[in-house]
Chemist: 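My questions all concern the structure below.
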2 protein chains.
Amino acid sequence: MATIKDVAKLAGVSPSTVSRVIAGSDRISERTKERVRRAMNEVNYVPNAIARSLVRSRTRTVGFTLSRRADQAFSNPFFSEVLRGMSATAQRWDHDILLSISLDEQDEKKKCLQLIRERRVDGMIISTSRVQDEVIDVLIREKTPFVVIGRSAGAPVLSVNNDNVEASRRATKHLLEQGYRKIAFISGPRDLVVSLDRGQGYEKALVEAELPVESKRIVETDFSEEAGFAALCRMWEAGVDFDAVLASDDLFALGALRFADHMGLRVPEELGIVGFNDTPMMTHTHPPLTSVRILSYELGAEAMELLLQGLENREKLRPGKEILLPAELKVRQSSLRQGGKTEKQ
Amino acid sequence: MATIKDVAKLAGVSPSTVSRVIAGSDRISERTKERVRRAMNEVNYVPNAIARSLVRSRTRTVGFTLSRRADQAFSNPFFSEVLRGMSATAQRWDHDILLSISLDEQDEKKKCLQLIRERRVDGMIISTSRVQDEVIDVLIREKTPFVVIGRSAGAPVLSVNNDNVEASRRATKHLLEQGYRKIAFISGPRDLVVSLDRGQGYEKALVEAELPVESKRIVETDFSEEAGFAALCRMWEAGVDFDAVLASDDLFALGALRFADHMGLRVPEELGIVGFNDTPMMTHTHPPLTSVRILSYELGAEAMELLLQGLENREKLRPGKEILLPAELKVRQSSLRQGGKTEKQ
DNA sequence: CTGTTAGCGCGTTCAG
DNA sequence: CTGAACGCGCTAACAG
């Protein structure tokens with residue numbers, strides 16, 4: 001593989017001249033530039049990125065760590081969409097992504113630390129969304145430029161998040177507008193900020209409608225269809241009545257659909273259901289599921305954009321700045337008993 | 001950030017001694033080792049990975065490129081599971097993953113070439129599965145160590161694949177055993193080897209059962225629920241009869257379920273349905289869908305393992321060696337009309 | 001406008 | 001057992 005020296009020799013100039021041509025320096029004669037370019041082509045020269053990184057102390061690489069928990073919390077396509085968004089933006093800036101998926105937060109913290117201290121990356125993006133996040137602490141301590149996808153409940157950080165509170169409020173309001181009055185809420189684990197936010201939006205909508213927030217209608221459980229189904233069964237057996245379900249994840253919504261089926265309740269007439277995440281397959285449930293659409297691709301793209309801008313100009317990395325992306329309620333049959341119109345797909 | 005020189009100075013030795021301690025050389029006195037280690041701890045020293053890569057001409061990094069097409073072809077969780085498997089294995093070998101998701105094959109080829117020529121990676125894993133794959137040609141031309149997830153229909157390569165032919169044969173055989181005789185097959189685009197393989201397995205099972213392969217019962221279309229539904233409608237309107245559907249993707253199976261619903265056909269009594277990929281959500285269809293389970297995690301893990309072994313010992317990188325991973329048929333209600341037993345989830 | 005020199009941080013001879 | 005010297009491939013400062 002050709003090095004800068006080979007090119008220099010072939011073009012009859014010094015290595016630094018070649019380097020200047022690559023950098024597009026303007027104090028090189030057009031003739032020399034041409035000669036150098038020809039030589040570069042001839043030996044098929046491409047600069048060694050590692051050598052460049054060493055001398056520049058910049059790798060043009062961004063690390064992305066993730067522990068399994070976050071992956072499961074959001075339903076699955078979320079993760080790949082975020083990656084696509086990150087990758088597309090990185091591409092435009094001519095940067096690369098170093099990816100690491102860990103089993104738990106401890107491993108993630110270790111890996112994150114390693115990437116930084118070994119100087120493999122210029123900055124980090126993380127997607128953990130726990131209330132107490134040790135990875136964030138590490139990042140701050142190491143003074144690494146980083147962006148969080150989600151929200152930090154602890155130290156103030158630069159973050160990109162979808163507006164869970166507002167989305168949840170709107171979803172609840174939609175159910176109220178459809179005439180449902182006793183709305184149950186299935187929450188994910190409370191140690192995830194996303195759960196807190198969605199719960200808050202739910203309560204907000206009730207308060208705005210001057211309806212009481214009844215804790216008996218709120219249940220917290222792990223993300224799974226079975227858990228959602230079981231939660232509703234328990235509420236039912238406890239004599240709690242409800243005419244709608246706000247499911248903070250589509251998996252819960254699936255459970256709710258099964259519950260309705262199980263109890264012989266018609267959806268949406270006797271039970272309204274709204275989910276979260278708008279998992280593509282959910283368009284095909286019976287009836288089609290109303291769900292909150294998350295802009296996952298945009299989340300990844302925006303996070304990467306913020307980080308790369310921050311890398312160019314550190315002052316842009318203001319901790320405490322939280323970018324909120326809007327989420328859209330995709331209304332379908334599962335929540336429409338007023339005969340309103342369904343949005344297309 | 002501390003360098004090897006700082007450590008050397010503090011320990012009162014030369015940089016090369018520190019380097020030897022890091023490498024675990026045995027010709028260093030225990031006393032010196034101890035002094036050096038103490039110094040390393042004191043200044044919190046971590047070797048700079050970039051500098052190491054430069055001098056060693058090895059980055060301990062593996063590139064993984066993917067263009068959107070492959071992502072869509074397999075249904076979504078596939079992709080994240082493969083990544084998890086790759087990441088877990090890479091972790092064990094203390095390697096990293098450089099990820100790039102492109103929009104099309106051209107971009108992927110470019111990116112792949114860039115990673116290699118800039119010497120950012122020691123090897124590549126790719127997951128394209130088109131019949132004519134230009135990325136593979138590039139990889140061969142550059143003499144880069146690489147492993148393919150999927151199968152190459154062109155040049156012989158080292159690859160890991162799930163046994164699509166056998167899986168499809170078994171799925172078809174299962175339908176036959178359940179008494180279905182007129183099995184329709186919905187194929188994905190024919191320019192993907194996975195489509196060819198699944199089609200082949202289907203035909204094989206029919207031939208083994210001494211049944212004719214009727215081309216009128218085979219239809220090729222793009223991966224989507226709608227396309228699957230439409231394909232069956234068209235067959236029906238053309239007067240082709242069928243009592244079961246082998247769907248080469250779960251999306252098609254969803255379409256088939258809707259078709260049954262639409263036509264008032266009972267599943268599995270009047271129409272048996274088997275899907276491919278065992279998308280988690282499919283456990284919750286009505287009735288639950290029989291589907292071929294793909295070992296995505298293992299696919300990623302195995303590909304990484306093969307590549308890293310090959311990096312240590314180039315002779316292990318035998319092109320033409322195709323590792324086949326078994327796929328498992330998850331039998332559920334949608335294909336059970338003989339009252340056989342359903343496997344647990 | 002261009003070449004020479006030095007050095008990024010580390011591993012690896014080659015002496016001693 | 002240890003240190004000095006060199007080089008990985010490239011960029012940047014300083015001359016000229």
Side-chain angles (χ1 to χ4, degrees), chain A residues 1-40 43-61 94 96 114-122, chain B residues 1-40 43-61 94 96 114-122:
Chain A
M1 186 101 298
T3 75
I4 202 170
K5 283 184 191 164
D6 301 324
V7 177
K9 206 167 292 175
L10 188 61
V13 296
S14 78
S16 26
T17 300
V18 177
S19 177
R20 289 191 185 101
V21 173
I22 296 170
S25 163
D26 48 355
R27 16 175 250 185
I28 297 278
S29 76
E30 209 35 71
R31 277 190 53 242
T32 321
K33 276 190 183 170
E34 198 40 45
R35 270 223 315 287
V36 170
R37 288 207 194 94
R38 218 190 297 281
M40 285 180 19
V43 296
N44 235 310
Y45 173 73
V46 176
N48 180 316
I50 302 297
R52 282 185 137 171
S53 297
L54 183 59
V55 61
R56 290 211 163 128
S57 310
R58 286 206 48 192
T59 58
R60 301 191 78 79
T61 304
D94 191 27
D96 283 311
Q114 187 191 356
L115 291 180
I116 294 166
R117 315 205 66 150
E118 288 186 340
R119 319 248 87 162
R120 274 186 197 274
V121 298
D122 298 336
Chain B
M1 188 99 296
T3 76
I4 203 170
K5 284 184 191 164
D6 301 324
V7 177
K9 205 167 294 175
L10 188 62
V13 296
S14 79
S16 22
T17 301
V18 178
S19 178
R20 288 193 186 102
V21 173
I22 297 169
S25 163
D26 49 353
R27 13 176 252 184
I28 297 279
S29 75
E30 210 33 74
R31 275 190 54 241
T32 318
K33 276 189 182 171
E34 199 39 44
R35 270 223 314 288
V36 170
R37 289 207 193 94
R38 218 190 298 279
M40 287 182 15
V43 297
N44 234 310
Y45 173 74
V46 176
N48 181 315
I50 302 297
R52 283 185 135 168
S53 298
L54 183 59
V55 61
R56 290 208 164 130
S57 311
R58 287 205 49 193
T59 59
R60 301 191 78 80
T61 304
D94 191 27
D96 283 311
Q114 188 191 355
L115 291 180
I116 295 166
R117 315 203 65 150
E118 288 186 339
R119 319 250 90 169
R120 274 186 197 277
V121 298
D122 298 336

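Naming convention: chains lettered A, B, ... in sequence-line order (proteins, then strands); numbering from 1 in each chain.
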Chemist: Of the options D/dC10, D/dC1, C/dC8, whose atoms approach the side-chain atoms of A/Leu54 most closely?
Modeler: C/dC8
Chemist: Would you check if the side chain of A/Thr61 reaches a backbone N or O of A/Thr59 as a donor-acceptor pair within less than 3.5 Å?
Modeler: yes
Chemist: Kindly point out which of C/dT12, D/dG9, D/dA12 is positioned nearest to the side chain of B/Arg56?
Modeler: C/dT12
Chemist: If only side-chain N and O atoms of B/Thr3 are considered, is one of them under 4.0 Å from the OP1 or OP2 phosphate oxygen of C/dC8?
Modeler: no
Chemist: Send over the distance from B/Ile4 CD1 to D/dT2 C1', rounded to a whole Å.
Modeler: 14 Å
Chemist: Quickly work out the A/Arg35 CZ to C/dG3 C1' distance and round it to whole Å.
Modeler: 13 Å
Chemist: Would you mind telling me which residue lines up with the more 5' stretch of DNA chain D, B/Ser25 or B/Val55, judged by nearest nucleotide?
Modeler: B/Ser25
Chemist: Rounded off to whole Å, could you give me the CG-to-P distance for the A/Asp26 and C/dT2 pair?
Modeler: 12 Å
Chemist: State whether A/Arg37 and A/Glu34 are salt-bridged, where the test is any N-O pair (Lys NZ or Arg NE/NH1/NH2 against Asp/Glu carboxylate O) under 4.0 Å.
Modeler: yes
Chemist: Output the rounded distance in Å from NZ (B/Lys33) to P (D/dC1).
Modeler: 9 Å
Chemist: In whole Å, I'd like the distance from the CZ atom of A/Arg60 to the P atom of D/dT11.
Modeler: 12 Å
Chemist: Could you check how far CZ of B/Arg58 sits from P of C/dT12, rounded to whole Å?
Modeler: 12 Å
Chemist: Donor-acceptor check, side chain of A/Arg60 to backbone of A/Asp94, threshold 3.5 angstrom: yes or no?
Modeler: yes
Chemist: With a 3.5 Å cut-off and no angle check, do the side chains of A/Ser29 and A/Thr32 form a donor-acceptor pair?
Modeler: yes
Chemist: Scan residues 5-22 of chain B against DNA chain C and write down, sorted by residue number, each residue with any heavy atom closer than 4.0 Å; if none is found, say none.
Modeler: B/Lys5, B/Ser16, B/Ser19, B/Arg20
Chemist: Distance check: side-chain N/O of B/Arg119 vs OP1/OP2 of D/dG9, anything under 4.0 Å?
Modeler: no
Chemist: Is a donor on one side and an acceptor on the other found under 3.5 Å between the side chain of A/Arg35 and the backbone of A/Ala11?
Modeler: yes
Chemist: Given that A/Tyr45 and B/Ile28 both sit by DNA chain D, which one's nearest nucleotide is further toward the 5' end?
Modeler: B/Ile28
Chemist: Measure from CD1 on B/Ile50 to C1' on D/dC10 and round the result to the nearest Å.
Modeler: 13 Å
Chemist: Examine distances only and state if a side-chain atom of A/Arg119 and a backbone atom of B/Ala49 form a donor-acceptor pair shorter than 3.5 Å.
Modeler: no
Chemist: Contact class for A/Thr32 (heavy atom, under 4.0 Å): base, sugar-phosphate, or nothing?
Modeler: sugar-phosphate
Chemist: Short question: side chain of B/Lys9, backbone of B/Ser14 - any donor-acceptor pair under 3.5 Å?
Modeler: no
Chemist: Quick one: B/Glu118 CD to D/dC10 P, roughly how many Å, whole number?
Modeler: 11 Å
